[in-house]
2 protein chains.
Amino acid sequence: MSGSCIVGQFSHYAALSDDEIKLLESLEKNERRISAKSVIRDIGKPTNNFFTLKSGWAIAEQNLPDGQRQIIDVFLPGQILGLREIAYQSGLCTYSTLTDAVLCPFPKTDITKLFEQSKRLTDLFFLILAREQATLTERVINLGRRSATEKIAHFLLELQVRLKITNQELQNSFRLPMTQRAIGDTLGMTSVHVSRSMAYLKAERLVRKRGGVIELLDDAALREMAGFNLAYLQMDVSWLRGAASG
Amino acid sequence: MSGSCIVGQFSHYAALSDDEIKLLESLEKNERRISAKSVIRDIGKPTNNFFTLKSGWAIAEQNLPDGQRQIIDVFLPGQILGLREIAYQSGLCTYSTLTDAVLCPFPKTDITKLFEQSKRLTDLFFLILAREQATLTERVINLGRRSATEKIAHFLLELQVRLKITNQELQNSFRLPMTQRAIGDTLGMTSVHVSRSMAYLKAERLVRKRGGVIELLDDAALREMAGFNLAYLQMDVSWLRGAASG
DNA sequence: CGTTCGGTTGAGCTTTGTCAAACCGCGTGG
DNA sequence: CCACGCGGTTTGACAAAGCTCAACCGAACG
């Protein structure tokens, strides 16, 4: 994993050469510590920087005129914040932290430089964008066509799988640093209804919660009920250009 | 617009050189005529090909085990189908036509070749992916946090703006080749409720429908009610590499 | 020890879904 | 030219899912 979280993320998809690793690490030379529930970048602000998320959880959200909000994306350590706005001058959403976090801001122009220097990394960024899109797609299905409990089940399963990507030894339980309000804003429902649906899942002995830690007690049953298919989290890397040297 | 629809789409974002145009046109050397309501590529099939949509409308959809379906994306002429699965071996959704259409299939490997030959086009594809993502994001907000009539209003406005991108002289009315069932499957509601919501919009004199043609009678009011902000459809192109020669 | 924040619970209400019938426009075949 | 059937839309009565509001609880924290 080295000092760099983003290398950890990328090296899951392809073995990286030393040069590539150096390039990626150069994106993380500036560290910024930031406390829970604070805004990283507000909507409408210039998109001059991206941020890698070294530790902690973050979200992309959008607040609607009537006071509601929709959480668009939940970011886990190793992900890059802001990529989605690479083609926009001002941010389309607000980025904020859920927990205390360590972020590494780097200028947008660094990406172009990186593209110049490594085709392989260019492709990897392409791949990241495609994966984000697949996750969003799955969220669309979740929002459009699933009941409240199914939504929650699906969301929990997705988080579990995504956490396992960077943390192999993860078991069936993990810290979930989101309030029920936040879960509701992600899944398009009220916190009250999140509470009730969670209660149902607990009653059915499908999940358990203690402290901030959630435990998935019956993976198979959860997948069944949520119609969870992890294909969208499993990428193919064979089309990447260039061989890795290390 | 030349013979190529995709060039039309791209040249909106940046002036292209002759070489670049030639490269893009080479993606469209094979034409395939396909009738309305047929499957272009089923879910799970290998993603060896992309398709440019030369004419007609198409969708990406996913059918759920319980018989419901969610339409993930609606494609208009000039768009590329399948890009979202560039990083996946098998398709995550089914592509089908809404109307009679002309498609140009081209192999995935052509994209890599194209990336080799033009940095600028590489960036343009990046941009396309980012735009698709922004559209998906907006659909997430639509599904998560808007009422039935707001959803429909927003959807119609989005289509209008997107159609105007390739068809400048488009007025406030356009052919909408979607059944209410299809609209419902896009917006996460039943066809019955689509009907009722449309009736409401008509009664409020916000839209009118005759034949397959829909007319937006009061743009401002529709935007107000739907919370429509077209920022997500307006990209910034200044970060693209390389100058255009013509 | 009081306050705040997140979670839970209950009662009543609103929005949307379900089911079924009727309707409408349109193309087909007689 | 008409009758028919078909796909899509509209309408109505009713059911269900989810929302609102409000009270309450418990843990964390100053």
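Scope of the values below: all heavy atoms of this structure, side chains included, with no hydrogens, waters or symmetry mates. Small disclaimer: the values here were computed from a predicted structure and weren't measured.
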- Between T190(A) and V192(B), just flag the one whose closest nucleotide in DNA chain D comes earlier from the 5' side. V192(B)
- Taking OP1 and OP2 of dT8(C), is either one under 4.0 Å from a side-chain nitrogen or oxygen of Q180(A)? yes
- Once you round it to whole Å, what is the distance between C1' of dA17(D) and CD of E150(A)? 12 Å
- Task: Specify the separation, in whole Å, of atom CZ of R196(A) and atom C1' of dA17(D).
- Result: 11 Å
- Message: Need one value for G212(B): base, sugar-phosphate or nothing, where a base atom within 4.0 Å counts as base even if backbone is also close, heavy atoms only.
- Response: nothing
- Message: Rounded to whole Å, please give me the gap between CE in M198(B) and P in dG8(D).
- Response: 15 Å
- Touch class at under 4.0 angstrom, heavy-atom based, for M189(B) against every strand present: sugar-phosphate
- Message: Counting only side-chain nitrogens and oxygens, does K37(A) get under 4.0 Å of the OP1 or OP2 atom of dG6(C)?
- Response: yes
- Query: How is S191(B) classified with respect to the nucleic acid when contacts are heavy atoms under 4.0 Å: base, sugar-phosphate, or nothing?
  - Reply: nothing
- Query: Taking atom C1' of dG18(D) as reference, at what distance in whole Å does atom OH of Y200(A) sit?
  - Reply: 16 Å
- Are any of K202(B)'s side-chain N or O atoms less than 4.0 Å away from OP1 or OP2 of dT10(D)? yes
- ring-ring contact (aromatic ring centres under 6.0 Å, His included) pairs touching residues 136-164 of chain A, sequence neighbours excluded, are H154(A)-F228(A)
- Item | Value in whole Å for how far the P atom of dG18(D) lies from CG of L187(A) | 11 Å
- Query: Could you state the CG-C1' distance from L98(B) to dG8(D), rounded to the nearest angstrom?
  - Reply: 15 Å
- Considering all heavy atoms, the nearest G144(B)-L143(A) contact: CA-CD2, 4.0 Å
- Item | D185(B)/R145(A) salt bridge by N-O under 4.0 Å criterion | yes
- Message: Check this for me: Q168(B), atom CD, are more than 12 non-hydrogen atoms of other residues, nucleotides or ligands nearer than 6.0 Å?
- Response: yes
- Check the distance between dG12(D)'s C1' and H193(B)'s NE2 and give it to me in whole angstrom. 15 Å
- Residues I59(B), V74(B); criterion side chain to side chain contact (heavy atoms under 4.5 Å, CB included); working and verdict: CA-CA 4 Å; I59(B) 55 170; V74(B) 177; 4.2 Å; yes
- Rounded to whole angstroms, how far apart are CG on D185(B) and P on dG8(D)? 12 Å
- Query: Across the strands shown, which category fits G211(A) at heavy-atom distances under 4.0 angstrom: base, sugar-phosphate, nothing?
  - Reply: nothing
- Task: Taking only the side-chain nitrogens and oxygens of S195(B), find out if one of them lies under 4.0 Å from OP1 or OP2 of dT9(D).
- Result: no
- Query: When you match A148(B) and K209(A) each to their closest nucleotide on DNA chain C, which lands nearer the 5' end?
  - Reply: K209(A)
- Look at the side chain of R146(B) and the base of dT15(C), then say whether one donor and one acceptor between them are separated by less than 3.5 Å. no
- Message: Tell me if the side-chain of R181(B) makes a donor-acceptor pair with the base of dG7(D), cut-off 3.5 Å, by modelled atom types.
- Response: no
